[in-house]
Amino acid sequence: MPDNAIEVRDLSYAYGDIKAVDSVTFDVAPGEILGFLGPNGAGKSTTIKMLTGQLRPDSGTITVLGMSMPGQTLDIQARIGVCFEEKNLYENMSARENLDFFARLYGIKGLDADPLLRRVGLIDRADDRVANYSKGMRQRLMITRAMINEPEVMFLDEPTDGLDPVSSQAVRNVIKAEAERGVAVILTTHDMHEADQLSDRVAFINEGLIEALDTAENLKLEYGQRSVRIRSRDGGAVKERVIALDDPDSSDRIRAAVAVEGLMTIHTEEATLEDIFIKLTGRGLEA
Amino acid sequence: MTLPSPRPRVSRSTIVSAIVRKDFQAFYRDRFYLWVSVIGLVAYVAIFWLLPSTVDESITIGATGAGIEQLLEQAASAAGAESEGLNVVAFDSRENLITAVEEGDLDVALGLAFPDDFFAAVAAGQPTTVTVIATSGVPDELRTAMDSFVREVAFAIGGNPLPVDYQEEILGVDRLGDQVSLREKLRPMLAFLVLLIEMLSLAGIVAAEMQTRTVTAVITTPARVSDFLAAKIIFGTLLAFGQTVILLVAIRSLSNQPVLLLTTMLLGALMVTAFALIAGAFGRDFITVIFWSMLFMIPMLIPAFGLLFPGSASLWIRAIPSYGLVETITGTTAYGEGWAEALPNLGLVAAWTVVAYIVGLGILRRKVQTL
């Protein structure tokens with residue numbers, strides 16, 4: 001039995017002459033959330049398309065739950081759940097009807113959708129047509145749809161994009177709960193805050209290449225800089241000092257800075273994932 | 001870690017039937033396509049039963065002139081067989097004749113105004129003039145026929161019948177005496193219109209699946225692209241065939257050769273479904289779906305329109321995919337033809353259907369895979 005739920009080796013794909021994914025290699029363990037962080041066009045969605053059987057790789061190997069893609073695509077698809085960035089739901093059907101239809105594609109007849117719908121707070125609107133749903137409700141239904149077959153691997157593409165804080169938190173809670181159940185999750189996002197909150201490890205992908213892959217903490221330690229920002233009043237003016245914590249004399253400098261009269265604020269600061277992404281790739285996540 | 005054992009595979013039939021069921025659900029939820037289908041069906045049935053079921057092959061002409069009754073008797077005798085189906089009504093004045101022709105009184109199609117000295121002039125071999133009075137809507141052929149008729153009458157009255165006899169040799173099927181009523185002529189067109197309306201519905205549903213990318217969600221489950229395509233073929237064919245059967249029953253078309261007619265309509269439903277797949281694959285929104293559907297619908301209606309006008313269909317009309325369908329429906333319902341006459345036409349439709357599927361499935365598969 002393999003230790004990893006997903007094993008990807010030297011995966012490549014090109015659209016004509018444009019290399020969308022270039023020799024990508026990574027693993028995801030059961031119960032782990034891997035955040036795929038990168039700007040639009042970085043190769044995140046193409047990678048997911050290959051992992052979910054929508055695209056055939058030009059080269060490289062994909063193993064999901066010990067089965068290889070594309071040879072065992074149908075067996076793999078029976079055990080994965082996918083949440084797309086587009087809200088691709090049947091608008092003229094209710095939430096319950098949507099879930100029932102997709103359940104049938106997995107061979108599940110007479111799906112009891114109520115527990116799932118209750119979990120995402122849609123039980124009261126279960127019989128309303130999706131056309132009448134808000135964006136947040138649709139996204140919660142998308143997540144629910146990805147869970148109807150009790151998947152062992154989930155692929156979530158921008159699951160909280162554009163959602164209000166309440167809906168975002170509801171979606172994040174579901175993702176965390178699924179990971180705790182042992183589901184391996186690949187989360188693609190360009191929201192560094194979400195990746196930081198949810199992911200056990202983060203992969204920075206840029207121009208088809210994985211630039212870095214580690215826990216957010218390790219990435220910050222390796223590539224970021226921790227500091228303390230101290231503001232104090234100096235006569236009529238406000239004085240601000242930033243002291244790097246990794247400097248050898250940082251303790252003495254902080255002690256001296258806080259000893260002055262007119263001390264206003266002290267803040268510890270650490271690099272964000274976006275800072276590190278920019279440092280590594282030279283471009284921002286929103287690009 | 002422990003990973004669960006592989007799950008049992010879902011049968012293709014389970015997947016395909018789930019998609020077909022969902023498509024019917026989507027169809028009945030879409031008010032536009034539902035209303036177009038229902039209203040269309042009701043309207044076509046109503047139109048059919050309102051149309052005349054008989055053919056009036058006689059022509060009524062009006063005539064005026066001195067001694068017109070005697071003239072008409074002689075004319076009928078002189079014209080012999082040619083006067084069959086020709087009703088002549090005498091008018092006492094030229095003015096009354098003109099009014100009758102203008103207003104269509106007594107179904108007078110056109111009028112002949114003979115001069116008062118017609119008998120004397122013709123008998124003496126003197127030139128004389130007969131006026132044909134017709135509205136602008138009277139076909140040229142009828143006016144020319146009246147000219148010939150008058151000449152022939154004149155020769156007969158003058159004692160000089162034309163020294164020419166003639167016989168007809170009809171190539172192909174002689175439909176003389178088998179005139180088809182307008183109701184019969186419209187029967188294949190109505191059946192074909194129902195097929196085409198359902199083609200529009202399917203194209204719309206396919207285009208919506210592409211645009212909203214619901215198809216992507218479907219093919220990342222154990223459903224294959226081929227399951228999706230198979231479901232669309234089954235749904236489209238059932239939808240179009242079912243509506244056509246309702247129409248055929250409502251217009252009582254299944255009394256002669258019901259199996260042949262149902263086979264023809266099933267083939268027709270299969271064919272329009274293939275064209276719907278092409279239109280759906282290219283359609284980006286409602287307008288483009290209508291555009292692509294019309295691109296196929298209008299040419300395919302031409303053979304049905306052709307039936308409204310006498311004469312053989314041109315070679316290019318015979319090359320239109322729907323020609324074989326229309327011919328079979330007409331031959332079976334109007335002329336009582338059977339399998340022997342229908343098979344060549346059905347073969348043509350089957351060949352077109354295969355071509356349409358090769359193209360339609362190819363385009364749609366590629367479209368689905370590149371979304």
Side-chain angles (χ1 to χ4, degrees), chain A residues 1-5 15 29-31 48-49 51-56 64-67 72-94 97-98 100-109 129-131 142 145-146 148-150 152-153 155 182 184, chain B residues 1-34 201 204-228 230-231 235 365-371:
Chain A
M1 198 64 79
D3 289 332
N4 291 314
Y15 294 102
I48 297 300
K49 281 185 175 181
L51 294 176
T52 55
Q54 297 174 67
L55 276 182
R56 187 180 282 261
V64 179
L65 301 168
M67 297 176 283
Q72 295 170 282
T73 300
L74 290 182
D75 292 319
I76 292 170
Q77 285 175 331
R79 293 166 64 174
I80 63 173
V82 187
C83 179
F84 301 87
E85 186 177 7
E86 306 95 10
K87 310 291 177 283
N88 51 1
L89 296 158
Y90 290 102
E91 302 248 323
N92 278 340
M93 290 160 61
S94 69
E97 288 166 339
N98 266 279
D100 184 65
F101 165 60
F102 281 94
R104 284 171 186 275
L105 300 182
Y106 290 103
I108 304 165
K109 283 182 184 168
R129 289 192 186 188
V130 172
M142 294 278 292
R145 186 178 71 184
I148 50 174
N149 59 329
E150 294 186 11
E152 293 138 64
V153 174
F155 298 93
Chain B
M1 66 167 279
T2 55
L3 290 172
S5 56
R7 297 176 189 181
R9 277 203 179 178
V10 189
S11 70
R12 315 283 17 120
S13 60
T14 301
I15 289 173
V16 172
S17 64
I19 302 173
V20 171
R21 192 178 126 147
K22 182 270 301 168
D23 284 342
F24 272 108
Q25 211 167 7
F27 172 76
Y28 287 112
R29 293 280 169 82
D30 192 308
R31 284 184 189 169
F32 174 75
Y33 295 128
L34 186 62
S201 301
I205 285 175
V206 170
E209 292 253 25
M210 300 293 133
Q211 280 315 109
T212 56
R213 302 201 176 202
T214 44
V215 60
T216 310
V218 170
I219 62 167
T220 47
T221 68
R224 299 172 182 163
V225 176
S226 57
D227 297 328
F228 174 81
F235 166 71
R365 176 180 285 275
R366 186 170 168 74
K367 181 96 179 181
V368 170
Q369 287 172 335
T370 54
L371 276 175

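No hydrogens, no waters, no symmetry mates; every other heavy atom, side chains included, goes into these values. A, B, ... follow the sequence lines: proteins, then strands. Residue 1 opens every chain.
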Over all heavy atoms of both residues, which pair between [X] and [Y] is shortest? Give the atoms and the distance, please.
| X | Y | result |
| --- | --- | --- |
| Val10(B) | Gly107(A) | CG2-N, 3.6 Å |
| Ala78(A) | Pro222(B) | CA-CG, 3.7 Å |
| Thr52(A) | Thr220(B) | O-CG2, 3.9 Å |

Proximal component of [X], with respect to chain A [non-hydrogen, under 4.5 Å]:
| X | answer |
| --- | --- |
| Asp227(B) | neither |
| Glu209(B) | side chain |
| Arg12(B) | side chain |
| Thr216(B) | both |
| Val368(B) | neither |

Any non-hydrogen side-chain atom of [X] less than 4.5 Å from a side-chain atom of [Y]?
| X | Y | result |
| --- | --- | --- |
| Phe102(A) | Val218(B) | yes |
| Thr214(B) | Leu89(A) | no |
| Thr14(B) | Arg104(A) | no |
| Lys22(B) | Met93(A) | yes |
| Phe101(A) | Ile19(B) | yes |

Short N-O contact, Glu97(A) and Arg21(B), less than 4.0 angstrom: no
Checked Arg145(A), Met142(A), Lys49(A), Gln54(A) vs chain B; the most non-hydrogen pairs under 4.5 Å come from Gln54(A)
Test item: Glu91(A) side-chain N/O and Thr212(B) main-chain N/O as donor-acceptor pair under 3.5 Å: no
Option that, when pairs with chain A are counted at under 4.5 Å, heavy atom only, ranks first among Arg224(B), Arg213(B), Gln211(B): Arg213(B)
Tell me, for Tyr90(A) versus chain B, whether the close heavy atoms (under 4.5 Å) come from the side chain, the backbone, both or neither. both
Spatial distance of atom CG (Leu74(A)) from atom OG1 (Thr221(B)) [nearest 0.5 Å]: 9.0 Å
